[in-house]
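Letters A, B, ... are given to chains in the order of the sequence lines, protein chains preceding strands, and every chain is numbered from 1. Given the structure is predicted, the values throughout are model-derived calculations rather than measurements.
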Amino acid sequence: MKIYNTLTGKKEEFTPVEPGMVKMYACGVTVYDHCHIGHARSAVVFDVMRRHMKYKGYVFTYVRNFTDIDDKIINRAKQEGISWKEVAEKYTDSYYRDMDSLGVGRADIEPKATEHIAEIIAIVRGLVEKGYAYEADGSVYFEVSRFADYGKLSKRDLDDMMAGARVEVNERKRNPMDFALWKASREGEPSWDSPWGPGRPGWHIECSAMSLRHLGETFDIHGGGADLIFPHHENEIAQTEAFTGKPFVKYWVHNGFITVDKEKMSKSLGNFFTIQEIIGKFDAEVVRFFLLSTHYRSPIEFSDEQLREAETSIDRYYTTVIRIRDFLGADQTKEKAAADEKALEELLDKFRDRFTEAMDDDFNTALAIGIIFETIRTLNKYMDGRPSGRKAVTLVTRADALLRETGTVLNIFNRTPEEWYRALMSVKQIGLTEDDIREQIRLRQAAREARDWAAADRIRKELEEQGIILEDKKIGTGWKVRVP
RNA sequence: GGCGGCGUACCCAAGUGGCUAAGGGAGAGGUCUGCAAAACCUUUAUGCAGCGGUUCAAAUCCGCUCGCCGCCUCCA
């Protein structure tokens with residue numbers, strides 16, 4: 001399979017360090033606030049990468065960290081009047097709630113910065129001993145000019161950066177681009193003992209320490225949002241490779257941003273929506289589908305309109321699932337072929353290969369979803385031809401199984417239509433119970449049998465006004481929640 | 001200023017050298033239906049920001065122009 005590597009700027013054939021095994025590290029979150037949809041995108045994208053590679057048969061180890069000590073956490077603690085540990089716990093819980101609802105699985109290892117202080121100190125000490133870092137007033141800085149490859153990931157030249165540097169004045173640093181490995185703590189701030197006095201880790205060093213411990217000196221994939229390329233990942237490369245003397249990561253992958261009015265969604269601009277806000281208005285599966293309907297490296301414009309379209313698409317999927325079920329539940333004694341049998345058969349024959357090929361091409365989820373909907377249309381068309389008999393049952397069953405299989409990788413489309421409609425009823429705040437609806441359908445059926453079309457239509461219209469759509473079918477009347 | 005990316009139909013979005021430019025949404029018309037809904041069919045890009053060039057062949061490669069965005073500071 002092919003993966004776009006930020007380091008080389010090219011799509012490359014993926015070859016793991018150890019055959020059959022993949023080790024991936026993705027930068028998680030700093031737990032100082034609720035997650036927004038941008039965090040969701042990153043998490044969902046890496047979740048799908050893992051699912052696909054496991055589907056391909058790789059033995060996969062996924063490490064995703066929590067940054068649980070940092071200036072933002074300390075500030076937040078002051079604001080909320082609680083301890084920094086309580087802040088970290090509170091927002092870690094919030095993170096898990098969000099991820100669970102979005103269908104993002106837990107990583108195999110979820111390390112925290114504060115659990116790796118000893119490793120961090122060991123690396124910092126090693127870097128000082130090797131001459132890559134220096135101590136100043138209880139802090140330790142990495143000296144970027146000592147690392148020849150500095151800038152190789154973000155394609156930056158050290159001299160250019162210094163020329164246009166917008167960095168804070170800090171006369172303790174030998175070079176404005178030098179970055180903190182260890183920060184001396186001020187009175188009253190959380191701190192750990194170190195050879196340089198009480199302090200806490202710099203931001204970048206924790207990822208080096210945690211990946212080194214859990215994945216080794218050289219591993220396959222390291223990912224995160226595109227905004228982490230510089231300085232975070234650039235600095236990770238510098239300090240880790242300086243420390244180990246070995247290549248750090250083979251493939252660097254970065255997801256694109258979510259935008260609002262074409263601008264990057266970010267905390268500082270204030271144009272963000274938290275995951276909790278969004279899943280109050282749309283089902284989490286809708287959000288996940290929305291995030292996967294664009295290639296992970298492209299920007300996605302966030303809007304209610306986009307989410308409504310995603311909702312409509314998912315509804316189309318579950319509507320087809322109902323049709324499949326109705327079809328398989330119908331009388332199949334008569335052997336009757338439909339005109340489109342061959343088209344469906346051919347599509348199903350190629351389905352798995354096409355789907356895998358799309359995902360193998362740098363995780364092209366948008367194309368993969370396209371293939372799913374192409375199959376849905378062909379399948380519906382086939383069923384429209386009213387075929388029956390063993391051959392028809394075989395074909396439809398096979399289509400059903402193949403469509404379900406994609407759910408394993410994308411982790412969408414694997415609920416029942418009932419679960420989907422229940423979720424919609426909740427999110428759209430439909431003021432009816434399923435029993436209410438069934439009762440109305442019964443009343444309407446009686447009117448229909450009496451050929452009282454006016455009464456029947458009135459009931460249907462009343463339900464529609466409350467967001468419930470009726471569908472008269474041969475086997476009876478079905479209902480669904482109106483979308484969008 | 002440096003570096004990087006993007007510009008495909010009314011909207012979203014795949015496609016990065018060669019079969020009629022995926023898929024979804026929206027609109028219009030139609031089939032089906034008591035009427036609907038759903039589904040399906042037809043329809044909306046001789047053209048992929050513009051202009052040049054390379055090539056037998058380009059949305060796809062190269063150059064220039066225009067427009068938009070990102071990173072260079074915490075950031076997914």
| message | Starting the side chain at C-beta, find the nucleotide from B/A39, B/A76, B/C41 nearest to A/K381. | response |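 Of the options given, the side chain of A/K381 lies nearest B/C41.
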| said: I want to verify a distance call: between B/C71, B/A14, B/G25, whose nearest atom is closest to the A/F230 side chain? | reply: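 That would be B/C71.
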Rounded to whole angstrom, note down the [atom1] distance from [N] over to [M].
N     : M     : atom1 : result
B/A9  : B/G4  : P     : 27 Å
B/A13 : B/G17 : C1'   : 22 Å
B/U42 : B/A22 : P     : 13 Å
B/G30 : B/C68 : P     : 44 Å
B/G15 : B/A58 : C1'   : 13 Å
B/U20 : B/A45 : C1'   : 13 Å
B/U73 : B/G27 : P     : 48 Å
B/U16 : B/A21 : C1'   : 13 Å

Under a 4.0 Å N-O cut-off, is there an ion pair linking [X] with [Y]?
X      : Y      : value
A/D47  : A/R50  : yes
A/E439 : A/R442 : yes
A/D283 : A/K428 : no

[X] [atom1] to [N] [atom2], straight-line distance once rounded to whole Å:
X      : N     : atom1 : atom2 : answer
A/E234 : B/U73 : CD    : P     : 12 Å
A/F413 : B/G23 : CZ    : C1'   : 11 Å
A/D157 : B/G4  : CG    : C1'   : 15 Å
A/I229 : B/A76 : CD1   : P     : 14 Å
A/I371 : B/G24 : CD1   : C1'   : 14 Å
A/R156 : B/G1  : CZ    : C1'   : 13 Å
A/R354 : B/G15 : CZ    : P     : 14 Å
A/M383 : B/C32 : CE    : C1'   : 15 Å

Ring centres of [X] and [Y] under 6.0 Å apart?
X      : Y      : result
A/F66  : A/Y96  : yes
A/F290 : A/F282 : no
A/Y62  : A/Y25  : no

| task | Side-chain contact test, heavy atoms from C-beta onward, threshold under 4.5 Å: evaluate it for A/V481 versus A/I430 and give yes or no. | result |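 Yes, at least one pair of side-chain atoms sits under 4.5 Å.
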| Is any side-chain nitrogen or oxygen of A/N255 closer than 4.0 Å to OP1 or OP2 of B/A76? |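 No, A/N255 has no side-chain N/O under 4.0 Å of OP1/OP2 on B/A76.
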Need one value for [X]: base, sugar-phosphate or nothing, where a base atom within 4.0 Å counts as base even if backbone is also close, heavy atoms only.
X      : result
A/G256 : base
A/D227 : base
A/I258 : base

| Can you name the side chain to side chain donor-acceptor pair (under 3.5 Å) partners of A/K152, sequence neighbours left out? |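 For A/K152, the residues satisfying side chain to side chain donor-acceptor pair (under 3.5 Å) (neighbours in sequence not counted) are A/E241.
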| field | Derivation and outcome, side chain to side chain contact (heavy atoms under 4.5 Å, CB included), residues A/W84 and A/D70 | value | CA-CA 9 Å; A/W84 64 271; A/D70 159 278; over 6 Å; no
| query | Considering heavy-atom distances to RNA chain B, does A/G370 or A/D361 have its closest nucleotide positioned more toward the 5' end? | reply |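 It is A/D361, whose closest nucleotide lies nearer the 5' terminus.
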| Which comes earlier along RNA chain B counting from the 5' end, the contact point of A/N364 or that of A/H39, where each point is its nearest nucleotide? |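 Mapping each residue to its closest nucleotide by heavy atoms, the 5'-most match is A/N364.
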| said: Could you report the tightest heavy-atom contact between A/E13 and A/M1, atom names first, then the distance? | reply: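 Distance-wise, the nearest heavy atoms are OE2-N, 2.9 Å.
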Both distances below 3.5 Å, Watson-Crick or wobble geometry, any strand: find the nucleotide opposite [N].
N     : value
B/A36 : none
B/A49 : B/U65
B/G27 : B/U43
B/C56 : B/G18
B/C74 : none

| query | Looking just at side-chain N and O atoms, do A/Y318 and A/E285 make a donor-acceptor pair shorter than 3.5 Å? | reply |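 Yes, A/E285 and A/Y318 have a side-chain donor paired with an acceptor closer than 3.5 Å.
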| said: Cation-pi check for A/Y4 against A/R297: NZ or CZ below 6.0 Å from the six-membered ring centre and within 45 degrees of the axis, yes or no? | reply: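 That pair qualifies as a cation-pi contact.
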Check nucleotides 9-13 of chain B for protein N or O atoms closer than 3.5 Å to its own N or O atoms and list the pairs.
| unit_1 | atom_1 | unit_2 | atom_2 | d |
| --- | --- | --- | --- | --- |
| B/C12 | O2' | A/Q306 | OE1 | 2.9 |

| Reading 5' to 3' through nucleotides 33-38 of chain B, protein heavy-atom contacts under 4.0 Å coded B for base, S for sugar-phosphate only, - for none | -BBBBS
